[in-house]
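One is the number of the first residue; the rest follow in order along the sequence.
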Amino acid sequence: SILPENELIKSVKDSANELDKVIKNIAEKTYVANNLNHSNPKGEKTEPKNIQTLTQEVLLVDDDEMIQTIHKTMVQKSGLSQNPRLMPNGLEALQFLRSKNDKSIRFLLFLDINMPKMTGWEFLDEITKAPLDCEINVVILTSSVEIQDRLKAQQYPQVIEYLTKPITSSILADIKNHPRLKLPNG
């Protein structure tokens, strides 16, 4: 039988909590994305910004509605964002970012790789070819465990992490405290 929407949301939240507990230990042991080495277009290593507080808009870009719902709940529970925006593909995310293109806005995207209309790689290619004024930090959040994908992610200066789905509260805590997501002092 089909559950009413509020019961479905509660069920998804309960499932997300259980899933978080089950995979927490596994995720902590396999979390190696902190070692991504980033450089700017000139090949120079980028330095982390000084620490203050996190103020930015969060976008969850994934074509799987169930994953979006789980990740939205996890992001909200973490305090990273109370209202993350959901985008079903890279094209809609790109159009949204272009419409909000302002130096005073900073975005954190959780980006899937394999999606219809525009993949995560195509999205990254577009924002690399035609950079926007707003700051964009990307966490690739995918089911791919291929080393080639991890290596490819390192080629994009916007990518701050490469994670395997699903996300956990401990990983979100690490992301929340990532040096590239802090405001410069001053």
Looking at residues at least two apart in the chain, or sitting in another chain, which of them share a side-chain contact (heavy atoms from CB on, under 4.5 Å) with Gln76?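 For Gln76, the residues satisfying side-chain contact (heavy atoms from CB on, under 4.5 Å) (neighbours in sequence not counted) are Lys72, Gln82, Pro84.
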Please answer: with hydrophobic residues joined when any side-chain heavy atoms are less than 4.5 Å apart, are Met118 and Leu111 in the same cluster? yes
Find out if a path of hydrophobic residues (ILVMFWY) with successive side-chain heavy-atom gaps under 4.5 Å connects Met66 to Val75.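 Same cluster.
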In a table with atom names and distances, give each donor-acceptor pair under 3.5 Å that connects a side chain of residues 86-98 to protein atoms at least two apart or in another chain.
residue: Asn89; atom: OD1; partner: Leu91; partner atom: N; Å: 3.0
residue: Asn89; atom: OD1; partner: Glu92; partner atom: N; Å: 2.8

Provide the closest heavy-atom pair for [X] versus [Y] in the form atom of the first, atom of the second, distance.
{"X": "Asn177", "Y": "Ala173", "value": "ND2-O, 3.0 Å"}
{"X": "Thr128", "Y": "Gln158", "value": "OG1-NE2, 3.5 Å"}
{"X": "Trp121", "Y": "Ala153", "value": "CH2-N, 3.8 Å"}
{"X": "Gln155", "Y": "Leu151", "value": "NE2-O, 3.6 Å"}

Could you give the distance from [atom1] ([X]) to [atom2] ([Y]), rounded to the nearest 0.5 Å?
{"X": "Glu122", "Y": "Leu124", "atom1": "CD", "atom2": "CG", "value": "10.5 Å"}
{"X": "Glu65", "Y": "Ile70", "atom1": "CD", "atom2": "CD1", "value": "12.0 Å"}
{"X": "Ser78", "Y": "Ile175", "atom1": "OG", "atom2": "CD1", "value": "8.5 Å"}

Contacts of type side-chain hydrogen bond (donor to acceptor under 3.5 Å, both in side chains), residue [X], not counting sequence neighbours:
{"X": "Asn114", "value": "none"}
{"X": "Asn137", "value": "Glu135, Arg180"}
{"X": "Asp64", "value": "none"}

For the pair Phe107 and Leu132, evaluate side-chain contact (heavy atoms from CB on, under 4.5 Å) and give the outcome as yes or no after the intermediate values. CA-CA 11 Å; Phe107 292 95; Leu132 300 168; over 6 Å; no
Please tabulate, one pair per line, all N/O donor-acceptor pairs under 3.5 Å involving side-chain atoms of residues 138-147, not counting sequence neighbours.
residue: Thr142; atom: OG1; partner: Ser144; partner atom: N; Å: 3.1
residue: Ser144; atom: OG; partner: Glu146; partner atom: N; Å: 3.3
residue: Ser144; atom: OG; partner: Asp149; partner atom: OD2; Å: 2.4

Does the side-chain contact (heavy atoms from CB on, under 4.5 Å) test come out yes or no for Phe110 and Ile67, once each step is laid out? CA-CA 11 Å; Phe110 290 88; Ile67 290 291; over 6 Å; no
Might you work through the side-chain contact (heavy atoms from CB on, under 4.5 Å) test for Glu57 and Lys100, ending with a clear yes or no? CA-CA 11 Å; Glu57 190 163 342; Lys100 302 288 186 189; 5.8 Å; no
With the threshold set at 4.0 Å, does a side-chain nitrogen-carboxylate oxygen contact exist between Lys117 and Asp63?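 Answer for the salt bridge query: no.
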